[in-house]
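See structure below.
Reminder, nothing fancy here: chain letters follow the sequence lines and each chain counts from 1. Side-chain atoms are counted along with the backbone in the values below, which use heavy atoms only and exclude waters and symmetry mates.
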2 protein chains.
Amino acid sequence: MTNQNNEVTYSIGELAKEFDITPRSIRFYEEQDLLSPERTGQTRIYCNKDRVRLKLIQRGKRLGFSLAEIKNLFELYDSNANSMLQLEAMLQMTEQKRAILRQQLDDIQMLMNELDEVEKRCRDELADLQKRGS
Amino acid sequence: MTNQNNEVTYSIGELAKEFDITPRSIRFYEEQDLLSPERTGQTRIYCNKDRVRLKLIQRGKRLGFSLAEIKNLFELYDSNANSMLQLEAMLQMTEQKRAILRQQLDDIQMLMNELDEVEKRCRDELADLQKRGS
DNA sequence: CCTAACCCTAACGTTAACGTAAATCAATTT
DNA sequence: AAATTGATTTACGTTAACGTTAGGGTTAGG
């Protein structure tokens, strides 16, 4: 659907289906101030910004971030800091998040290497079995 | 300390301090079958393998894995599969985990890009303020 | 002998992120 | 008109990963 400004809108059910989550979750995110959809009477109307946010929420969760941290990132992104102090605080925040991401990159790299080993051992065993078997 | 085989051992307190967690957590991991330390009477004695596992647990948690998934990875690694079926199941598992890690890599890349943007906007603002201020 | 610093078990409490159930309302469909 | 479909609020239930408290044992030092 579209609203009065000809923007695309979504119902809670549509978004739930698209992102494979329940309406309950979407309402919960709103309760936690991660979303703030319009209303038509009682029913919620989601715009494209809300949809993008849902995507970001999923991404954050895949990285093991809590909803509070994700909200924090939203505020970082939306923030219109105007004082030097605020701006410097923001730079600190971005650097902090960056550190976490770097750590995760390291972690992933190491885990991948281990998976390589497991897989190699596994393939060796398989080859061995086939040799014996034939 | 060292045990009868001249291997290095640790008390629960030492490991707790080293990894900056509580003894409670370490005992909980044992309850969940992620650790299985020796005992001397009632008190737990941890060897180097246990220490390594704790490191892996931390890493898994940083990536947002549940303790059950981490245990799963341990089993993957320790497993001495011998049948073709088991081996193929293991290869499936490693590929599955790999897919998750690839997804996380993508997620991290995108988040990093966004942080870049936030930071850039921030620096521009700061430069602007300083120009005005001087 | 007493205290401090460790260790232990047992068991209830807590927080995050929803799940689930009940009761209601509005718009279609049959 | 009755029933289905999809929305709403309210509120209690659930799971994971510990935190916390209570009660008790043992070894080193003063």
**Item:** Those residues of residues 33-41 of chain B lying under 4.0 Å from DNA chain C by at least one heavy atom
**Value:** B/R39
**Prompt:** Is B/R27 near enough to C/dC8 that one of its side-chain N or O atoms lies under 4.0 angstrom from OP1 or OP2?
**Reply:** yes
**Request:** Check DNA chain D against residues 9-19 of chain A and give the residues with a non-hydrogen atom under 4.0 Å, in numerical order.
**Result:** A/S11, A/I12, A/G13
Return a table of donor-acceptor pairs under 3.5 angstrom between the side chains of residues 73-82 of chain A and protein atoms on other chains or two or more places apart.
residue	atom	partner	partner atom	Å
A/Y77	OH	B/E117	OE1	3.2
A/D78	OD2	A/R53	NH2	2.4
A/S79	OG	A/A81	N	3.3

How would you list, by chain and number, every residue that makes a side chain to side chain contact (heavy atoms under 4.5 Å, CB included) with [X], sequence neighbours excluded?
X: B/E14; value: B/Y10, B/S11
X: B/L91; value: A/E119, A/C122, A/R123, A/L126, B/T94
X: A/N3; value: A/N5, A/E7, A/T9
X: B/N72; value: B/M93, B/K97

**Asked** How close or far is atom P of D/dC18 from atom CD1 of B/I21, stated in whole angstroms?
**Response** 8 Å
**Asked** Taking atom C1' of D/dT8 as reference, at what distance in whole Å does atom CZ of A/R44 sit?
**Response** 7 Å
**Message:** I need the full list of salt bridge (charged side-chain N to carboxylate O under 4.0 Å, His left out) pairs touching residues 60-69 of chain B, with sequence neighbours left out, sorted by first then second residue.
**Reply:** A/D107-B/R62
**Message:** When you compare the side chain of B/I70 with that of B/L56, does any pair of heavy atoms fall below 4.5 Å?
**Reply:** no
**Request:** Could you name each residue pair satisfying side-chain hydrogen bond (donor to acceptor under 3.5 Å, both in side chains) that touches residues 34-45 of chain B, not counting sequence neighbours?
**Result:** B/E30-B/R44
**Request:** Take nucleotides 13-27 of chain C nucleotide by nucleotide from the 5' end and write B, S or -, depending on whether a protein heavy atom sits under 4.0 Å from the base, only from the sugar-phosphate, or from neither.
**Result:** ----BBBB-------
**Partner set under salt bridge (charged side-chain N to carboxylate O under 4.0 Å, His left out) for B/D106, not counting sequence neighbours** = none
**Message:** Among residues at least two apart in sequence or on other chains, which ones pass side chain to side chain donor-acceptor pair (under 3.5 Å) with A/Q109?
**Reply:** none
